[in-house]
Student: 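Encoded as structure tokens, here's the structure I'll be asking about.
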Amino acid sequence: MDVKREMRIGGEEMMLLHTKHFGEIEINEERIIDFPEGILGFEDEKQFVIINNEDEENPFQWLQSVANPDLAFVIINPFFVYPNYEIVIPETAQEKLKLKDEKDVAVYSIVVVPEDIEKMTANLLGPIIINTKEKLGKQVVLDDDRYTTKHFVFRQNKENRGE
């Protein structure tokens, strides 16, 4: 891991993070989210940071590994893709994430961006749940047959998209 740390006035500890998609970026260490179990398929990756797009109209963000510059997932708020999305976070996941208050929960879906952008999909079956207060994250696999790992982002009908 090639990370440079420096202290800033005001006590914020900043890091220089190397990324494939954004080059070197400076992040506040307090933004790092710990994933004790990693992400499915990437169990060894334990720390991530969310990188926002500069265009506020763009609903996509990046879940960037702190240790691996080449590993970043495109993520989206699943309620943007599917406004009627309903999830029940299993009690075991709530305990692992130390969730006590609903206002501390952020939910994201990993997006697969193929060559044909119209076929972009979001994983609604395995959302990323983050305790924003504790900076803890976990990918949860839902026991809900309404959802799959491949919901089309752009092919939702108006009823499903809430338009």
Student: Check step by step if side-chain contact (heavy atoms from CB on, under 4.5 Å) holds for Glu13 and Glu30.
Tutor: CA-CA 8 Å; Glu13 188 147 338; Glu30 291 178 10; over 6 Å; no
Student: Spell out, as yes or no, whether a donor-acceptor pair under 3.5 Å connects the side chain of Glu134 to the backbone of Thr132.
Tutor: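 Not at all, since once roles are kept as given, no pair shorter than 3.5 Å links the two residues.
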Student: Could you report the tightest heavy-atom contact between Pro127 and Ile87, atom names first, then the distance?
Tutor: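 It is CG-CD1, 4.5 Å.
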Student: Quick one: side chain to side chain contact (heavy atoms under 4.5 Å, CB included) partners of Asn52, sequence neighbours excluded?
Tutor: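 Scan of Asn52 (side chain to side chain contact (heavy atoms under 4.5 Å, CB included), adjacent residues dropped) gives Ile50, Gln61.
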Student: Give the minimum heavy-atom separation between Phe154 and Met120, together with the two atoms involved.
Tutor: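 Heavy-atom minimum between the residues: CE1-CE, 3.7 Å.
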Student: Is there a side-chain contact between Phe48 and Ile75 (heavy atoms, below 4.5 Å)?
Tutor: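 Phe48 vs Ile75: side chains apart.
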Student: Please walk me through it: do Ile27 and Ile32 pass side-chain contact (heavy atoms from CB on, under 4.5 Å)?
Tutor: CA-CA 9 Å; Ile27 62 161; Ile32 294 173; 4.2 Å; yes
Student: Verify side-chain contact (heavy atoms from CB on, under 4.5 Å) between Phe152 and Lys119, making sure each step is shown before the conclusion.
Tutor: CA-CA 6 Å; Phe152 286 106; Lys119 294 181 179 172; 4.2 Å; yes
Student: Would a 4.5 Å heavy-atom cut-off, applied to side chains only, mark His151 and Asn123 as touching?
Tutor: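 When only atoms from C-beta onward are counted, Asn123 and His151 do not touch, as no gap falls below 4.5 Å.
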Student: Yes or no on side-chain contact (heavy atoms from CB on, under 4.5 Å) for Phe22 and Ile51, after CA distance, side-chain angles and deciding distance?
Tutor: CA-CA 9 Å; Phe22 302 100; Ile51 300 172; 3.9 Å; yes
Student: If you measure from CD1 on Ile76 to CG on Leu63, what distance do you get to the nearest 0.5 Å?
Tutor: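 Between Ile76 CD1 and Leu63 CG, I get 14.0 Å after rounding to 0.5 Å.
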Student: Could you pull out every donor-acceptor pair under 3.5 Å between side chains of residues 89-104 and any protein atom, sequence neighbours left out?
Tutor:
residue : atom : partner : partner atom : Å
Gln94   : NE2  : Ile89   : O            : 2.7
Lys96   : NZ   : Glu37   : OE2          : 2.8
Asp101  : OD1  : Lys103  : N            : 3.1

Student: Could you measure the distance from the CZ atom of Phe80 to the OG atom of Ser109? Nearest 0.5 Å is fine.
Tutor: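 Nearest 0.5 Å value for the CZ-OG distance: 12.5 Å.
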Student: Do Ile39 and Ile110 touch side chain to side chain, with heavy atoms closer than 4.5 Å?
Tutor: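 The answer is yes; the side chains approach within 4.5 Å.
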Student: Of all the heavy-atom pairs spanning Trp62 and His21, show the shortest one and how long it is.
Tutor: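 Shortest heavy-atom separation between Trp62 and His21 comes out as CZ3-CD2, 3.5 Å.
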Student: Are Gln64 and Thr19 close enough that a side-chain donor and a side-chain acceptor fall under 3.5 Å?
Tutor: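 No, Thr19 and Gln64 have no side-chain donor paired with an acceptor closer than 3.5 Å.
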Student: For Asn84 and Tyr147, work out which heavy atoms get closest and say how close.
Tutor: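 Scanning both residues, the minimum pair turns out to be O-OH, 4.0 Å.
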Student: Find out whether Tyr108 and Ile130 are in side-chain contact, i.e. whether some heavy atom of one side chain is under 4.5 Å from a heavy atom of the other.
Tutor: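 Tyr108 vs Ile130: side chains touch.
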Student: Within a reach of under 6.0 Å around CG of Asp70, are more than 12 heavy atoms found that belong to other residues, nucleotides or ligands?
Tutor: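 Counting neighbours around CG of Asp70, more than 12 heavy atoms of other residues, nucleotides or ligands fall under 6.0 Å, so yes.
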Student: Name the one of Thr121, Val111, Val153 that satisfies side-chain contact (heavy atoms from CB on, under 4.5 Å) with Val81?
Tutor: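 Only one option passes, and that is Val153.
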Student: If you compare all heavy atoms of Arg31 against all heavy atoms of Lys135, which two are closest, and at what distance to 0.1 Å?
Tutor: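 That closest heavy-atom pairing would be CA-CE, 4.4 Å.
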Student: Would you say the side chain of Tyr85 lies within less than 4.5 Å of the side chain of Leu124, judging by non-hydrogen atoms?
Tutor: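 Side-chain contact under 4.5 Å: yes.
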Student: I need the Leu136 CG to Lys138 NZ distance, nearest 0.5 Å.
Tutor: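 Between atom CG of Leu136 and atom NZ of Lys138 there are 11.0 Å.
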Student: If you look at every heavy atom in Phe60 and Val74, which pair is closest and at what distance?
Tutor: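 Where Phe60 meets Val74 most closely, the heavy atoms are CD2-CG1, 3.8 Å.
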Student: Transitively linked via ILVMFWY side-chain contacts under 4.5 Å: Leu71 with Phe35?
Tutor: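 Yes, Leu71 connects to Phe35 through the hydrophobic network.
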Student: Which value, rounded to the nearest 0.5 Å, describes the distance between Thr149 atom OG1 and Leu125 atom CG?
Tutor: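 The OG1 atom of Thr149 sits 6.5 Å away from the CG atom of Leu125.
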Student: Would Leu142 and Val88 show up in the same hydrophobic cluster when neighbours are defined by side-chain heavy atoms closer than 4.5 Å?
Tutor: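 Leu142 does not cluster with Val88.
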Student: Kindly state whether the ring of Phe73 and the ring of Phe42 have centres lying under 6.0 angstrom apart.
Tutor: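 Yes - the distance between ring centres of Phe73 and Phe42 falls below the 6.0 Å cut-off.
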Student: Do Val141 and Leu40 have side-chain heavy atoms sitting under 4.5 Å apart?
Tutor: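 They are in contact (side-chain heavy atoms under 4.5 Å apart), so the answer is yes.
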Student: Within the distance-only criterion (no hydrogens, no angle test), does the side chain of Lys20 pair as donor or acceptor with the backbone N or O of Pro69 below 3.5 angstrom?
Tutor: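 Answer holds: no.
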